[in-house]
Each structure stands twice: as structure tokens, then as C-alpha cells.
Amino acid sequence: MTLLTSTNPTRPARPTGWVPFALVALVVIPAVAGSLRLVELAGGPLLLPANPRMTSSPLPVFVHITCAVPYAVLGAFQFSSRLRRRRPRWHRAAGRVVVGLGLAVALSALWMTVFYPRQPGTGELAHLLRLAFGSALAACIVLGFSAIRRGDVMTHRAWMTRAYAIALAAGTQVVTLGIGSAVSGTSVLITDLALGAGWVVNLAVAELVIRRWAVRPVPLAIAPVGAS
């Protein structure tokens with residue numbers, strides 16, 4: 001991500017100090033679950049239900065979890081206009097790290113989807129959704145990075161926002177799975193649909209945010225990615 005600063009001193013970019021913390025809060029449950037799984041894979045006690053799919057091939061799980069948590073946290077603070085104004089070098093450096101972490105998250109997710117046995121309780125629809133959204137995550141990050149290399153800030157922000165929305169679906173899926181089971185009971189189809197709903201809800205919110213930027217643009221000065 002790049003430096004965004006207002007060119008109009010009477011109209012500074014609006015600070016969004018609460019947004020990063022709200023985004024981080026959304027991934028607390030998946031982050032805790034992932035951390036407990038890492039403890040198990042490192043030889044610690046079994047703190048979650050056993051998952052032979054992961055214990056038989058732990059490397060992609062390790063990569064996925066250790067990259068997903070910092071991606072979620074660093075990515076959340078990329079949305080803070082206050083940080084973009086006051087710490088532009090940090091914003092640029094963190095953006096480069098976020099790109100690498102996000103690609104690792106996407107590729108490890110795709111690897112697990114393709115080569116791991118199907119997750120018990122899920123069906124063909126969930127498998128196809130994981131393939132689609134894992135590929136979309138990687139594509140959005142590449143498109144966002146390419147846009148900022150061209151100096152196209154708004155396109156960059158749009159694609160990186162979509163990427164972050166896809167990655168954060170693990171947090172939203174905690175909610176959609178709970179609602180799905182409470183309303184319709186437990187079945188393979190309901191689980192698959194609830195998982196899909198997590199991605200759809202997040203992307204719908206992302207598109208609303210992107211449209212708001214388009215309707216109410218803030219004049220921006222662009223600093224090249226390589227600038228110090």
C-alpha cells in the first residue's frame with residue numbers, strides 16, 4: 001500500500017482510529033484457535049479436536065496460521081488514515097509485508113484445499129468455494145500491488161480492500177456458521193452455505209466501502225512505492 005495524504009489543508013483525510021481495532025476483533029477467535037493448533041503441531045497438548053488432516057502434513061498449516069494472523073493485524077492498520085498521514089514510511093513498509101503475507105495465506109490455503117482430504121462435515125460446494133476465494137485472494141493482492149506500482153491509488157485501495165475482506169472471512173464464518181446451525185440445523189449443505197456466506201458478506205461490505213470512496217473522494221498525493 002502507498003502513502004495517502006490530503007492535498008487540501010482544509011480537508012484532511014478523516015481519521016479512522018476505531019476501524020483497525022474492530023477488524024482485529026473480528027479475527028480473535030480464529031487467531032486463538034490457530035494458535036492452539038500450532039501448540040499441538042509443535043508437540044504440545046491436544047487443545048482442540050484432533051485433526052489428522054493437519055497433523056499428517058503440518059507445514060502448510062504452520063505457514064497459513066503464522067502468516068494469516070500478522071496479515072490480519074497489519075492489514076487492519078493499513079486502513080487507518082491517521083497512520084497513513086503520520087507514519088507514511090511505516091505504511092509503505094507494512095504494505096510490502098502485507099503483500100507477502102497475503103500471498104502466503106492464499107497459496108497455503110489453496111495447497112490445503114487441493115491436497116488435504118476434504119474437511120469432515122463439508123461437501124463439494126465448500127471445496128469449490130475455497131478454491132475460488134483462495135484464488136481470488138491471490139489475484140486481488142497481485143492486482144492491488146500492480147496498481148500501486150502504476151501510481152493508481154484508488155484502484156490499489158479497492159483491490160487490497162477486497163483481498164482483506166476475503167482473508168477476514170474466517171472471523172465472519174464463526175458468526176455465519178453459528179446462525180446457520182441455529183436456524184436450519186446441522187448438515188453438509190448448511191455448513192457449506194454458511195461458509196460461503198462469510199465470504200459474500202465480507203465482500204459486500206468491502207464493495208460498499210469502495211463505492212463510498214468513489215462517491216466521496218478525498219484529494220490525494222501519491223508517493224511512489226519505492227520512495228523513502
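These figures come from a predicted structure and were not determined experimentally. Sequential numbering from 1 along the given sequence is applied to the chain's residues.
Taking a 4.5 Å side-chain heavy-atom cut-off between Ile, Leu, Val, Met, Phe, Trp and Tyr, the cluster of Leu143 extends to Trp159. Hydrophobic side-chain contacts under 4.5 Å tie Ile179 into a cluster, directly or through other members, with Val175, Val183.
Taking the side chain to side chain contact (heavy atoms under 4.5 Å, CB included) definition, one finds that Val142 meets it with Leu103, Ser146, sequence neighbours left out. By the ring-ring contact (aromatic ring centres under 6.0 Å, His included) test, Phe133 is found to be paired with Trp199, residues two or more places apart in sequence or in another chain being considered. Listed by chain and residue number, Val28, Leu36 satisfy the side chain to side chain contact (heavy atoms under 4.5 Å, CB included) test with Val32 (two or more places apart in sequence, or in another chain). Scored by the side chain to side chain contact (heavy atoms under 4.5 Å, CB included) test, Ile29 finds Val174 as partners (sequence neighbours excluded). In this structure Thr66 satisfies the side chain to side chain contact (heavy atoms under 4.5 Å, CB included) test together with Leu38, Phe62, sequence neighbours excluded. For Tyr116, the ring-ring contact (aromatic ring centres under 6.0 Å, His included) partners two or more places apart in sequence, or in a different chain, are Trp111. Here Arg130 pairs with nothing under the salt bridge (Lys or Arg N to Asp or Glu O under 4.0 Å) rule; sequence neighbours left out.
Pairing each heavy atom of Ile166 with each of Ala136, the nearest pair is CD1-CB, 3.8 Å. Of all heavy-atom pairs between Tyr71 and Ala167, the closest is CE2-CB, 3.4 Å. In terms of heavy atoms, Met160 sits closest to Gly144 at SD-CA, 3.9 Å. Nearest heavy atom pair, residue Gly123 against residue Val188, reads N-CG1, 3.4 Å. The two residues Leu74 and Val97 come nearest to each other via the heavy atoms CD1-CG1, 3.8 Å. Nearest heavy-atom pair, Ala72 versus Tyr164, reported as atom, atom and distance to 0.1 Å: O-OH, 2.5 Å.
Side chain of Ser108 to backbone of Val105: a donor-acceptor contact under 3.5 angstrom is found. With hydrogens and angles disregarded, no donor-acceptor distance shorter than 3.5 Å links the side chain of Gln173 to the backbone of Ala194. Ser181 places a side-chain N or O within donor-acceptor distance of the main-chain N or O of Gly178, the cut-off being under 3.5 Å.
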Note to self: Pair Glu207, Arg162 - check side chain to side chain contact (heavy atoms under 4.5 Å, CB included), show working.
What the structure shows: CA-CA 8 Å; Glu207 292 303 324; Arg162 293 182 183 110; 2.5 Å; yes
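To the nearest 0.5 angstrom, Gln78 atom CD is 11.0 Å from Arg157 atom CZ. Atom CG in Leu193 sits 8.0 Å away from atom OG in Ser187 (nearest 0.5 Å). Note that CG of Asn202 and CG of Leu168 are 6.0 Å apart. Values are rounded to the nearest 0.5 Å. Separating the CZ atom in Arg92 from the CZ atom in Arg87 is a distance of 13.0 Å, to the nearest 0.5 Å.
Leu101 and Val69 are not part of a single hydrophobic cluster, where members link through side-chain heavy atoms under 4.5 Å apart. Val98 and Leu107 fall into different hydrophobic clusters, where Ile, Leu, Val, Met, Phe, Trp and Tyr side chains are chained together by heavy-atom contacts under 4.5 Å. In the hydrophobic cluster analysis, where Ile, Leu, Val, Met, Phe, Trp and Tyr join through side-chain heavy atoms closer than 4.5 angstrom, Leu137 is grouped apart from Val200. If you chain together hydrophobic residues whose side chains sit under 4.5 Å apart, Val63 and Ile65 never meet in one group. The same ILVMFWY cluster, assembled from side-chain heavy atoms under 4.5 Å apart, contains both Phe115 and Leu110.
The side-chain heavy atoms of Val61 and Arg53, taken from C-beta on, include no pair separated by under 4.5 Å. Side-chain contact check for Thr122 versus His127: every heavy-atom pair is 4.5 Å or farther apart. A heavy-atom distance below 4.5 Å is found between the side chains of Thr161 and Phe79. Proximity of Leu177 to Thr191: side-chain heavy atoms (C-beta onward) are separated by under 4.5 Å at one or more points.
Applying the salt bridge (Lys or Arg N to Asp or Glu O under 4.0 Å) test to pairs two or more places apart or on separate chains, those with a residue in residues 22-50 are Arg37-Glu40. Within the structure, no pair that satisfies the ring-ring contact (aromatic ring centres under 6.0 Å, His included) test touches residues 29-60, not counting sequence neighbours. For residues 109-125, the pairs satisfying salt bridge (Lys or Arg N to Asp or Glu O under 4.0 Å) are Arg118-Glu124, with sequence neighbours left out.
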